[in-house]
Amino acid sequence: MARGRTQANPAAAPRRAGVIVADDFLPSDLAEAMRRDIEAHFADPMAHRADTHQVWNYWHVPQLYTYLRTTPDKVIARERVEAFMGALRGWALATLGLGTATWPYLSLYVAGCRQGWHNDAVNGRFGFVYSLTRNERRTEGGQTLILREGDAFRANLVRPIAGGGLYEAVEPRFNRLVVFDDRLAHAVEPVEGAMDPVEGRVVLHGHLSEAGTAVAGALRPEQVAAPLAAALRAFVADAPARIALYHGPLAMRLTIGPGGTVEHCAVLLDRVVHRDPGHADWEPLLAQLIDGLKSVAFPPADGETTVIQPIMLGAPLPRRG
């Protein structure tokens, strides 16, 4: 399946994008205030107290993880973290059709810290990493490494390949959001250089997943729910065995006119994959789903209604809590 990457403008995100990079994600005053909180936390080290500074978990899993992490509101003012989370949820819903975001970790990487290769296939649909790292720093490394999709062995039988040919390396630039399919193998390049924490890689990170149907406009959610659910049930009932072969998130955006007809039906996100990369039956199935959604009759209303509908194929995420 094709893989995409977009910069800055979420509206430009290709629907199959497995990696999205959004620079200048937050308003600069908010991002800078969050960074000031981090620098204030580490300032004047001789005055650090147990109640304010013994908050970091040194997380070391041999061959896999080595870094420090904490709950971000122990270092950054909670209202600023909540503002970030509000911006993230709104962006994720509009861009990916995913309206749930986990409360993040704040993680710090100084010299020697890293993450080994792994995926987070049961933790979310997409992972997010938001960087508060200085652009000018006395360390190097800390890039988010994301394995490129496809069969690297068969695609490179007669040519050498290394580094960026196998994975994408995204620098932890200040105020940069990186979002990627949680099923993709990823890692963090080891950090080298100064041990000063303000010179390290500092990021907020967590996971995005579905939050049900989002409805905005003239119709009430309960007026949309029944006709939409009936259309989705009909789609599954028509080809259950074929649908069962696929895995991944799909999100649709519908525009419903005042008369109750679907005026526009667009694919917002399509990260649906088959175990066999040569399988070519998904596009006809997707076209069948779109035709079914376009034919749904909703109640008339006083104006337009926009509906974002996430559809998850394959195994559900485990319940946590």
Carboxylate-amine/guanidinium contact R114 E192, below 4.0 Å: no
Check: Y65 ring centre within less than 6.0 Å of H60 ring centre: no
In terms of hydrophobic clusters joined by side-chain contacts under 4.5 Å, are Y105 and V122 together? no
Those residues that, when tested against E171, pass side-chain contact (heavy atoms from CB on, under 4.5 Å) (two or more places apart): R137, Q143, R173, R176
Sorted by first residue and then second, give each salt bridge (Lys or Arg N to Asp or Glu O under 4.0 Å) pair with at least one member in residues 247-261; sequence neighbours left out. none
Tell me whether the centres of the aromatic rings in F84 and Y130 are closer together than 6.0 Å. yes
Would you please classify the geometry between the W59 ring and the Y67 ring as parallel, tilted or perpendicular, with 30° and 60° separating the classes? perpendicular
Taking only residues at least two apart or on different chains, which pairs with a member in residues 287-304 satisfy side chain to side chain donor-acceptor pair (under 3.5 Å)? D238-Q288
ILVMFWY cluster membership beyond F153 - transitive side-chain contacts under 4.5 angstrom: L157, V158
Indicate if V267 and I256 have the same hydrophobic cluster label, given that clusters are the connected sets of ILVMFWY residues with side-chain heavy-atom separations under 4.5 angstrom. yes
Mind checking whether F174 and F25 sit in one hydrophobic cluster, side chains of I, L, V, M, F, W, Y counted as touching below 4.5 Å? yes
Taking only Lys NZ, Arg NE, NH1 and NH2, and the carboxylate oxygens of Asp or Glu, determine whether R134 and E136 approach each other closer than 4.0 Å. no
Which pairs with one or both residues in residues 72-81 pass salt bridge (Lys or Arg N to Asp or Glu O under 4.0 Å), sequence neighbours excluded? D37-R80, D73-R78, R78-E82
By side-chain contact (heavy atoms from CB on, under 4.5 Å), R154 pairs with (sequence neighbours left out) D151
